[in-house]
Number of protein chains: 2
Amino acid sequence: MDAGDEGQLVKEWHDLVVRHAVVHQSLERELQARHGIGVSEFEALEALACSENTQCRAQDLTDVVHLSQSAASRLIARMEREGFLERALCEADRRGILVVLTDEGRERHLEAQPTHRSVLARTLRETG
Amino acid sequence: MDAGDEGQLVKEWHDLVVRHAVVHQSLERELQARHGIGVSEFEALEALACSENTQCRAQDLTDVVHLSQSAASRLIARMEREGFLERALCEADRRGILVVLTDEGRERHLEAQPTHRSVLARTLRETG
DNA sequence: GTATATAAAATGCAAGCGCATCTAATGCAT
DNA sequence: ATGCATTAGATGCGCTTGCATTTTATATAC
């Protein structure tokens with residue numbers, strides 16, 4: 001790796017960070033303002049909505065939201081408190097839990113999806 | 001915007017998020033483990049090291065680190081406490097402060113830079 | 001069967017974050 | 001010069017985060 005490669009690498013990372021920050025901050029702001037949910041909540045809702053039977057293992061959600069295991073556990077607890085999902089015992093492996101989308105959760109996802117897409121369309125295009 | 005465009009947009013954002021998460025988490029882990037600093041601290045150190053006279057306005061640092069004004073203010077306070085930089089009155093505009101890199105800060109940056117670059121080389125390449 | 005290692009999820013805790021607000025300095029219009 | 005809107009930065013507050021640990025269930029070895 002010569003100096004030019006290194007400069008290229010740093011520039012590539014910098015561009016990625018800026019792009020991510022712009023889109024993520026816009027998403028957070030608009031999802032919060034219009035629908036009262038954050039980016040992580042939306043990602044979890046979307047993952048559930050796209051899962052078979054609108055349910056999945058807690059661990060699968062952890063991967064989706066790019067959070068630590070503990071943060072994901074609390075995210076699920078929060079969303080259950082708000083009525084977006086329910087926790088159910090997982091018969092196949094009784095250490096785990098099954099996270100199930102509620103009707104309320106499905107509605108909220110459908111409401112928020114257009115906002116999500118329009119923010120992506122605007123911010124991803126404007127940042128090249 | 002038709003359905004295909006929308007799917008493309010979502011995929012593009014998803015790829016960006018994954019790429020960002022992989023690189024950022026690796027950077028955070030390795031910078032913390034080897035040098036006792038986080039990504040934000042490194043970004044601030046690098047911005048200062050590359051500034052004229054290794055100093056700049058607090059606001060300039062705020063832009064660099066992609067944090068809120070308050071978070072950046074506390075980041076500067078933390079880094080001052082750790083001896084990486086000093087706050088000085090800004091004579092040109094006495095509302096503001098001038099952030100000045102210390103020798104200690106310069107050293108830490110030089111130590112951490114190779115780690116930073118090697119993580120980028122590894123993770124950016126491996127994620128395509 | 002019993003012990004041991006591993007895995008899933010929950011939780012105590014300290015630290016960092018953003019929002020709203022506050023203080024102090026500046027700029028601008030009258 | 002005086003008053004009002006604006007800007008830089010600091011801070012109180014509540015929430016979210018990650019780390020480390022605990023609890024409960026599973027799998028493996030003996």
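Excluded from the calculations below are hydrogen atoms, water molecules and symmetry mates; all remaining heavy atoms, backbone and side chain alike, are included. In what follows, chains carry the letters A, B, and so on, assigned in the order in which the sequence lines appear, proteins first and then strands, with residues in each chain numbered from 1.
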When every nucleotide of nucleotides 17-22 of chain C is labelled 5' to 3' by its protein contacts under 4.0 Å (heavy atoms), B for base, S for sugar-phosphate only, - for none, what sequence of letters results?
SBB---
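Listed here is the closest heavy atom pair of B/Leu124 and B/Val23: CD2-CG2, 3.9 Å.
Between the CD atom of A/Glu41 and the C1' atom of D/dT17 there is a distance of 13 Å, rounded to whole Å. At whole-Å resolution of the value, CD in B/Glu91 and P in C/dA25 are 12 Å apart. Going from atom CG of B/Asp93 over to atom P of D/dA8 covers 8 Å, rounded to whole Å. Per the geometry, CG belonging to B/Leu89 stands 11 Å off P belonging to C/dT26, to the nearest Å. Atom CZ in B/Arg57 sits about 7 Å away from atom C1' in D/dA8, given to the nearest Å. Atom CD of B/Gln32 and atom C1' of C/dA15 are 11 Å apart (whole Å). One interatomic measurement links the two molecules: CZ of A/Arg94 to C1' of C/dA7, which rounds to 15 Å at whole-angstrom precision. If you take CD of B/Glu28 and P of D/dT17, they are 15 Å apart, rounded to a whole angstrom.
Listed by first then second residue, pairs satisfying side chain to side chain donor-acceptor pair (under 3.5 Å) with a partner in residues 10-26 of chain B read A/Glu12-B/Arg19, A/Arg19-B/Glu12, B/Lys11-B/Asp15, B/Arg19-B/Thr127, not counting sequence neighbours.
Contact annotation: A/Arg87 side-chain N/O to C/dA9 OP1/OP2 distance is not under 4.0 Å. In this structure, A/Ser73 reaches the C/dA10 phosphate: one of its side-chain N or O atoms is under 4.0 Å from OP1 or OP2. The shortest distance between the side-chain N/O atoms of A/Arg95 and the OP1/OP2 oxygens of C/dT6 is not below 4.0 Å.
Between the B/Thr54 side chain and the B/Leu48 main chain, no donor and acceptor come within less than 3.5 Å of each other.
Using a cutoff of 4.0 Å between basic side-chain nitrogens and carboxylate oxygens, B/Arg78 and B/Glu82 are not scored as salt-bridged. The pair A/Glu30-A/Arg117 does not count as a salt bridge, with every side-chain nitrogen at least 4.0 angstrom from each carboxylate oxygen.
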Evaluate the criterion salt bridge (charged side-chain N to carboxylate O under 4.0 Å, His left out) for residue pair B/Arg34 and B/Glu28; output intermediate values, then yes/no.
CA-CA 10 Å; B/Arg34 298 195 200 171; B/Glu28 189 69 43; over 6 Å; no
